[in-house]
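Let me begin by presenting the structure, written as C-alpha cells, before commenting on it.
Given the structure is predicted, the values throughout are model-derived calculations rather than measurements. Just so it is clear: chains get the letters A, B, ... in the order the sequence lines come, proteins before strands, and each one is counted from 1.
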Amino acid sequence: MREITYANAIKEAMVQEMRSNEDVFILGEDIGVFGGAFGVTSGMLDEFGPERVRNTPISESAISGCAVGAAMMGMRPILELQFSDFVMIALDNIVNQAAKMRYMFGGKTHVPMVVRLPSGSGLGMAAQHSQSLEAWMAHVPGLIVIQPSTPYDAKGLMKTAINNDNPVIFYEHKGLYNSKSDVPEDEYDIPLGVADVKKEGEDLTVIATGIMVQRSLQAAEQLEKEGISIEVIDPRTLVPLDKETIIESVIKTNRALVVYEAVERSGYGAEIASLIGESEAFDFLDAPISRLGGIATPIPYNPSLEKAAVPQVEDIIEKVKSIVQK
Amino acid sequence: MVNNLEETIYSNQQMKKMLTDMMLIRSFEEAVEKLFQEGKIPGTMHLCIGQEATAVGACAALTDEDKITSTHRGHGHSIAKGAEIKPMMAELLGKATGYGKGKGGSMHIADLTIGNLGANGIVAAGLPIGTGAALASQMKKKGYVVLCFFGDGAANEGAFHEALNLASIWNLPVVFFCENNQYGMSGPVKEMVNIEHISDRAKSYGIPGFTINGNDVIEVAKATQEAVDRARSGEGPTLIEAETYRWRGHSRSDARKYRTREEEKDWRNTKDPISKFKERLIEESILTEKEFLEIQKTIDTEIHEAVSFAEESPEPSLDTLEVDIYV
C-alpha cells in the first residue's frame, strides 16, 4: 500500500466524492488557485473548475450561511475555514441554524454540510490561530464532531462526513497535515461512533484525541521499555462517541487517563472521564480517572512557551507513571 | 413607481386575492394576539399587523417554486407564500400538529414544500441562507428565485453586508427585501442608520436598490416582479427597501415609549395597507362593499376553524423530545 499525507488523504476523499456526486462542492477562502491555506485543496480547481471549487471572499458569516442554504436545497457543501479559530464568525450559522433546523422544523429538512476546521497548536501561530475548541461543538445537539488523527482515518471519515445528512464538524490538526501513513487508493468509509484501538496494552488505558494520539503512541513506546504497557484508544468521532470500546478497555486495564490538547478545564476529556466514572468500569478502577489537557492559557507565541501549554510526550509518560506506580 | 391600477399587470382576480391574503394575515395576527392575551401561546410572538402589503406584494411576484427566507416577524410571510393556517396556529400553541410538531414555535415556522425556508430568530440570518439556496438554484439550473425578507435592523448586521456582496459577485438569483418598519425593536432607523435610505447600500455591492412604499401592495408587487425577473434572467440580485410600519409593539410587553401615539395614529389612519387598497378596488369597481364583507366573513370562519383545530390538537408526546435532532 502507498503512503500519503493526512492533507492528501483528506483531499483524496473530497475528490473521490466530488467525482461520484455532483451535489458535492467545496467553498472557502483561497481554496482555488492558491490551494487553501494548508494546501489541502491544491489541484482541485483544475479538475472541477470554479463552479465546484468556489473561491470566496473573506466572509465567514456569508459563506457558512450560504453552505446552510445550499445544503437545505439538496447540495452537499464542504466549507473550508482557514483556521478553526475563524469559526467564531461563522458560529451563528453552525450553531443557531444548521444544528437546530431539522428539530425546529419538525424533521422536515436536513442540512448535509461538512465544515472543515484546521485546528491545534505547535506551529508558532499564537493565540488566534492555534486553538482546540472542539468541546464547544460537541456541546451542541445536532452537530456531528469528527477529529481524525491519522491519514487513514482522515480519508475514511471524510467520505463518511460528506455522505452524512447532518451538519458535520471535521477537525483537522495542522500539525498532522504532513504526517504519512498507509492509505488505500480505493474509496472506503469509517463509520461514526467507532473508536480505534491504536495500540493494545494491559496497565492503563489512554484515551487520546487529535495529535495527542500520536504523542500517546510515542509515550507508549518509551513506557514499554520500562515495563509499562498502555492501551491507546482514539475515539475518532466525539459525537457520536463510542462509549463501549472505552469502557471495555478500562475494565480490562483498571486505569484511565484522558489526553487532549484543548484547555483541560471543561474540555471534551472531562466528558470522557465522566463517562468512565459513571459506567460499570468504575468498579474495576485501581486509580482515580485522570485528565491531561492543555494549560488554561491563550496559546503563546514563543515556541518554548507554546510547547509548555499543551501536553508533550514527556508529560504523558510522567502522568502515566504517576498513575501506574501509585 | 406607477400606482395607477389601470397600468398594472394584475387581473381583478389577482388583486382580490392580494386583498384577501392581506385580510387573512391581519385576522390571523389579531387572533394570535387574543390567544396570547389568554395565555394560550407560550413565550412570545411578533405581530406584523400594518405590514401586510410587504408580505403579500412580494410573494405575489413569486412562483410556487420560488423560495423565501423569513424573519422573527414571519407569520405574514408564511401565509403569503401559501402556508396553511391550521398547522401555523397549532405550532403557535405548541401542538403536535403544528408545522414544527410543536418544537419550533412562532419564530421557526417553515414549509419547504411551498418554498418557505423558515422564519428565523436571529436577525439577518436569512440573508446568507437565502444566498445559499440561490446558489443551489444557479448551480443546478433549477430556475427558482429566492427572496429574503429582513427588517431595517438587520441591515446593520454583518450578515446583511456579506450576503449582498457574495450574491453580487456570484450573480445569484436572489432578491433582498427589506421591510423597513421604522424601528428595530425600540431603535428608530433614523438613529441607527446614517444614510437616507437603506437601499442606498445596494450601490456598495454593485447591485440595483430601490425604496418603495411598502404599504401599497401593487407597488410592492410590481417592484418585486422587476427584481424577480432580473434574478431569473441571470442579472443577479436586487435590494428593495419597502417602507412600512409595525402597528403593534415589538413583541409582548412593549409600552412603545420610543414613539408617539400620534405617529402611530397617522400610519393607521392614513396609510393602512388594507383599507387603502380596499378603497381603491371599490373606486375602480373591482370590488363591492358586500364582497368585502363576504371575504371577511369567510376569513373569520377560517380563523375560527384554525383556532379550534389548534386548541383541540394534541400536545406533542414527551417521547418526541429527542426525535429529529439528527437524521
Side-chain angles (χ1 to χ4, degrees), chain A residues 22-25 27 50-52 54-77 79 89-93 95-113 140-144 164-168 192 239-240, chain B residues 67 69 87 91 96 98-105 107-113 117-122 124-140 142 144 146 148 157-167 169-170 172 174 316 320 322-327:
Chain A
E22 61 173 23
D23 294 340
V24 181
F25 71 102
L27 71 169
E51 269 281 299
R52 295 180 70 202
R54 300 191 81 93
N55 208 28
T56 71
I58 305 165
S59 288
E60 286 84 1
S61 173
I63 62 178
S64 55
C66 186
V68 174
M72 287 174 79
M73 297 316 298
M75 304 299 288
R76 291 187 171 274
L79 173 66
I89 311 161
L91 270 187
D92 180 63
N93 287 305
V95 176
N96 276 326
Q97 311 298 334
K100 296 171 174 55
M101 253 171 196
R102 180 173 180 77
Y103 193 79
M104 297 189 300
F105 296 174
K108 289 172 193 148
T109 190
H110 59 281
V111 189
M113 61 188 273
V140 179
L143 300 180
I144 301 285
N164 191 281
D165 280 339
N166 299 288
V168 178
L192 299 175
V239 182
Chain B
K67 319 295 176 197
T69 63
E91 187 61 27
Y99 269 116
K101 298 179 184 165
K103 292 175 178 176
M107 284 187 279
H108 306 294
I109 290 172
D111 186 354
L112 273 73
T113 63
L117 307 192
N120 210 306
I122 305 296
L127 284 85
I129 292 170
T131 299
L135 175 64
S137 178
Q138 185 190 64
M139 287 181 77
K140 302 308 282 279
K142 298 270 191 192
Y144 66 76
V146 184
C148 302
E157 287 278 11
F160 162 88
H161 296 273
E162 292 192 19
L164 262 65
N165 184 60
L166 194 66
I169 62 168
W170 288 349
L172 297 177
V174 57
T320 67
E322 294 178 77
V323 173
D324 291 330
I325 300 172
Y326 293 97
V327 178

Query raised in the report: Can you tell which of Glu22(A), Arg54(A), Met72(A), Glu60(A) has the highest number of heavy-atom pairs within less than 4.5 Å of chain B?
Result: Arg54(A)

Report task. Let me know if Met75(A) has heavy atoms under 4.5 Å from chain B in its side chain, its backbone, both or neither. Result -> side chain

Requested in this report: Report the distance from atom CD of Glu162(B) to atom CD1 of Ile63(A), rounding to the nearest 0.5 Å.
Outcome: 8.5 Å

Query raised in the report: If every non-hydrogen atom of Ala125(B) is compared with every non-hydrogen atom of Gln97(A), which pair is closest and at what distance?
Result: CB-NE2, 3.1 Å

Query - Validation row: Lys100(A), His108(B) side chains within 4.5 angstrom (heavy atoms) - result: no

Query raised in the report: Does a side-chain heavy-atom distance below 4.5 Å link Tyr326(B) with Ile144(A)?
Result: yes

Report task. Pick one of side chain, backbone, both or neither for Asp165(A), based on which atoms fall under 4.5 Å of a heavy atom in chain B. Result -> both

Query raised in the report: Do Cys66(A) and Leu135(B) touch side chain to side chain, with heavy atoms closer than 4.5 Å?
Result: yes

Requested in this report: Quickly, which of Met101(A), Arg102(A), Met104(A) forms a side-chain contact (heavy atoms from CB on, under 4.5 Å) with Asp324(B)? Name it, please.
Outcome: Arg102(A)

Requested in this report: With a 4.5 angstrom heavy-atom cut-off, could you sort out which part of Glu51(A) is near chain B: side chain, backbone, both or neither?
Outcome: both

Requested in this report: Sort Val146(B) into side chain, backbone, both or neither according to what part of it lies under 4.5 angstrom from a heavy atom of chain A.
Outcome: neither

Requested in this report: For residues Tyr103(A) and Ile325(B), report the shortest heavy-atom separation together with the two atoms involved.
Outcome: CD1-CG1, 3.7 Å

Query raised in the report: Hey, is NZ on Lys142(B) packed in by over 12 heavy atoms from elsewhere, all under 6.0 Å?
Result: no

Query raised in the report: Under a 4.5 Å cut-off applied to non-hydrogen side-chain atoms, are Leu112(B) and Lys108(A) in contact?
Result: no

Query raised in the report: What are the two closest non-hydrogen atoms of Phe105(A) and Gly118(B), and how far apart are they?
Result: CZ-CA, 3.9 Å

Query - Contact class of Asp111(B) relative to chain A, heavy atoms under 4.5 angstrom - result: neither

Query raised in the report: Taking atom OG of Ser61(A) and atom CD of Glu157(B), what is their separation to the nearest 0.5 Å?
Result: 8.5 Å

Query raised in the report: Between Trp170(B) and Leu27(A), which heavy-atom pair has the shortest distance, and what is it?
Result: CH2-CD1, 4.4 Å

Query raised in the report: Are the side chains of Met73(A) and Met139(B) in touch, meaning some heavy atoms are under 4.5 Å apart?
Result: no

Query raised in the report: Considering all heavy atoms of both residues, which atom of Ala62(A) and which atom of Pro128(B) are nearest to each other, and what is their separation?
Result: O-CB, 3.8 Å

Query raised in the report: Where does Phe160(B) contact chain A at under 4.5 Å (heavy atoms): side chain, backbone, both or neither?
Result: neither

Report task. Starting at OG1 of Thr56(A), measure out to CD1 of Ile169(B) and round the result to the nearest 0.5 Å. Result -> 7.5 Å

Query raised in the report: For chain B, which of Ile89(A), Asp23(A), Ile58(A) has the most heavy-atom pairs under 4.5 Å?
Result: Asp23(A)

Requested in this report: Name the region of Val140(A), side chain, backbone, both or neither, that has any atom closer than 4.5 Å to a heavy atom of chain B.
Outcome: backbone

